[in-house]
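Quick caveat: nothing in here was measured; it's all calculated off a predicted structure. Numbers restart at 1 for each chain; the letters A, B, ... are given by sequence-line order, proteins then strands.
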2 protein chains.
Amino acid sequence: MDVTKRPGGRSARVRDAVRQATLAELAEHGFRGLTVENVAERSGVHKTTVYRRWGNVEGLIADALELAAHEPWPVPDTGTVEGDLRGVVELVRSGFEDPELGPVSSAFVAAAMQSPEAARALHAFFEARHDQSAQVVRRGVERGELPVTVDAREVVRVAVAPVYYRLFVAHEPVSREDAGRAADAALAAARAGVL
Amino acid sequence: MDVTKRPGGRSARVRDAVRQATLAELAEHGFRGLTVENVAERSGVHKTTVYRRWGNVEGLIADALELAAHEPWPVPDTGTVEGDLRGVVELVRSGFEDPELGPVSSAFVAAAMQSPEAARALHAFFEARHDQSAQVVRRGVERGELPVTVDAREVVRVAVAPVYYRLFVAHEPVSREDAGRAADAALAAARAGVL
DNA sequence: ATCCAAAGACAACTCCAGTTGCGTTAATTT
DNA sequence: AAATTAACGCAACTGGAGTTGTCTTTGGAT
């Protein structure tokens with residue numbers, strides 16, 4: 001989705017307007033209620049333009065996802081791996097509870113399940129997130145809290161996985177305690193040398 | 001979706017035909033390619049009938065899901081918790097690789113993200129699955145392999161979560177080794193007393 | 001055996017997501 | 001600053017998902 005020929009000016013403005021409109025529509029009506037026409041109307045861009053450049057709803061989401069992937073996110077630094085990893089998982093959990101971010105994030109996950117394009121974008125997003133979050137594990141290793149053999153990214157995956165599993169697969173509520181327990185479990189496994 | 005007034009005869013035949021057709025269409029074209037019209041044609045039931053009884057695509061999936069929830073599934077019994085839990089997770093993983101079951105299972109997860117009705121059905125499905133799978137953990141406790149304080153269902157959740165997370169959220173491939181490691185991690189946490 | 005009501009079949013219709021062809025605007029090139 | 005052309009806007013069109021009204025079938029009761 002990189003614009004090569006005419007990056008500046010009108011094209012860029014159109015793209016920004018559509019991206020903004022996509023996020024706004026997503027926050028309001030979720031993935032189900034996202035239509036190309038609504039995004040077009042909201043952005044002030046004609047619907048044929050949107051169809052030609054983004055193809056369909058999944059394309060819109062994939063593009064908006066790239067935007068989100070580049071936003072840095074606040075990795076905790078409490079002084080201990082336990083505090084940091086718990087912080088990371090809790091950050092994920094509370095993000096989905098947020099009335100603003102929640103629907104948008106959920107929409108990303110839903111869209112990626114139906115569109116290879118969105119799936120690739122989401123994959124890249126999580127690659128970046130895993131890298132950033134793995135930092136808390138690496139710091140723990142440096143402090144001697146964890147064995148040097150740990151796979152930092154894998155610890156992060158195992159820590160956050162139960163939150164996503166509950167939310168999007170089993171459709172169970174996820175409490176603060178659930179999130180903390182998931183972080184602790186990943187940590188216990190890391191300490192035991194299995195991750 | 002329980003039929004009270006006219007359970008036997010034509011209504012039951014129609015329901016079975018539609019359920020079968022839904023599963024077949026799902027296996028062939030996935031969730032994206034599932035349309036009410038195709039299911040109607042394949043089942044030999046008129047499309048208006050399908051619309052009136054199932055409402056939409058999500059309704060079809062929710063109904064098919066109930067069918068799947070009642071099918072028993074082979075809980076491993078290898079003699080050790082480690083072997084059993086690894087078996088459970090590997091069963092989940094390989095299920096999604098199966099060219100027949102994979103698309104259907106994926107469709108269930110995708111549908112549940114967009115339809116409260118399908119979400120409820122999937123929730124019930126996993127409740128049942130967790131109960132059945134927790135058996136391997138409870139046996140482990142009886143053998144003295146795990147502390148009596150463990151939450152058997154939670155161990156199962158933490159064990160299988162990384163597989164679903166990789167598949168449906170991060171969109172990474174899931175190897176046999178990844179599945180085994182996830183099971184081991186849950187077990188290590190359980191032994192450490194955090195689950 | 002007859003009757004009744006619930007469920008299904010059928011055809012015609014509506015509506016809106018997505019498409020197409022063409023004219024217009026504006027960003028870039030020379 | 002004139003020319004070029006990619007990108008956008010516009011209006012009309014298409015197709016198919018979903019709806020509605022009505023008639024027919026059939027399961028079950030009397």
Peer 1: Does any N or O donor sit under 3.5 Å from an N or O acceptor when you compare the side chain of A:Arg53 with the base of D:dG9?
Peer 2: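 Answer no: no donor N or O sits under 3.5 Å from an acceptor.
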Peer 1: Check each of B:Asn38, B:Val50, B:Val36 against B:Val57 using the side-chain contact (heavy atoms from CB on, under 4.5 Å) test, and report the only one that passes.
Peer 2: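 It is B:Val36; the other options fail the test.
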Peer 1: Tell me whether A:Arg166 is salt-bridged to B:Glu154, with the criterion being a basic N under 4.0 Å from an acidic carboxylate O.
Peer 2: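 Salt bridge present between A:Arg166 and B:Glu154.
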Peer 1: Has the side chain of B:Thr48 got a donor or acceptor that lies under 3.5 Å from a partner of the other kind on the base of C:dC10?
Peer 2: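 Yes, the side chain and the base share a sub-3.5 Å donor-acceptor pair.
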Peer 1: So A:Asp131 and A:Arg153, side chain to side chain contact (heavy atoms under 4.5 Å, CB included) or not? Walk me through it.
Peer 2: CA-CA 7 Å; A:Asp131 266 334; A:Arg153 294 163 52 87; 2.9 Å; yes
Peer 1: What is the distance, to the nearest angstrom, from the CZ atom on B:Arg32 to the P atom on D:dG16?
Peer 2: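 From B:Arg32 CZ to D:dG16 P: 17 Å.
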Peer 1: Take the protein atom CD of A:Glu37 and the nucleotide atom P of C:dT19, then report the distance between them rounded to whole Å.
Peer 2: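 My rounded result for the distance is 12 Å.
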Peer 1: Step through the shown structure and confirm whether more than 12 heavy atoms of other residues, nucleotides or ligands are within 6.0 Å of CD on A:Glu127.
Peer 2: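 Yes, CD of A:Glu127 has more than 12 neighbouring heavy atoms, counting only those of other groups under 6.0 Å.
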Peer 1: Nearest whole angstrom, please: distance from the P of C:dG18 to the CH2 of A:Trp54.
Peer 2: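 Going from A:Trp54 (CH2) to C:dG18 (P), I get 16 Å.
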Peer 1: Check whether any side-chain nitrogen or oxygen of B:His46 sits under 4.0 Å from OP1 or OP2 of C:dC10, and answer yes or no.
Peer 2: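 For C:dC10, OP1 or OP2 has a side-chain N or O of B:His46 closer than 4.0 Å.
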Peer 1: Determine whether a donor-acceptor pair (one donor, one acceptor, N or O, separation below 3.5 Å) exists between the side chain of B:Arg15 and the base of C:dG8.
Peer 2: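 Checked by distance alone, the answer is no.
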Peer 1: When you measure from the side-chain N and O atoms of A:Arg13 to the phosphate of C:dA27, is any distance below 4.0 Å, counting only OP1 and OP2?
Peer 2: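 Yes.
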Peer 1: Under 3.5 Å, is there any donor-acceptor pair linking the side chain of A:Arg52 to the base of C:dG18?
Peer 2: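 Side chain to base: no pair below 3.5 Å.
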Peer 1: So does A:Arg13 pair up with A:Asp16, basic N to acidic O under 4.0 Å?
Peer 2: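 Here A:Arg13 does not pair with A:Asp16 in a salt bridge, since their nearest N and O are not under 4.0 Å apart.
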Peer 1: Looking at B:Tyr51, I'd like to know whether one of its side-chain N or O atoms comes within less than 4.0 Å of OP1 or OP2 on D:dG18.
Peer 2: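 Checking B:Tyr51 against D:dG18: at least one side-chain N or O falls below 4.0 Å of OP1 or OP2.
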Peer 1: Using whole Å, what does the distance between atom C1' of nucleotide C:dT19 and atom NZ of A:Lys47 come to?
Peer 2: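 These atoms are roughly 9 Å apart.
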Peer 1: Are A:Leu146 and A:Val81 close enough that some pair of their side-chain heavy atoms sits under 4.5 Å apart?
Peer 2: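 Side-chain contact under 4.5 Å: yes.
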Peer 1: Is the shortest side-chain N to carboxylate O distance from B:Arg53 to B:Asp63 below 4.0 Å?
Peer 2: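 No salt bridge links B:Arg53 with B:Asp63.
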Peer 1: Under 4.0 Å: is that the gap between some side-chain N or O of B:Thr49 and OP1 or OP2 of C:dA9?
Peer 2: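 Yes, within the criterion.
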Peer 1: Scan residues 106-116 of chain B against DNA chain D and write down, sorted by residue number, each residue with any heavy atom closer than 4.0 Å; if none is found, say none.
Peer 2: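 Hits under 4.0 Å, by residue number: none.
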Peer 1: Rounded off to whole Å, could you give me the CD-to-P distance for the A:Glu41 and D:dC10 pair?
Peer 2: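 Rounding to the nearest Å, CD of A:Glu41 and P of D:dC10 are 13 Å apart.
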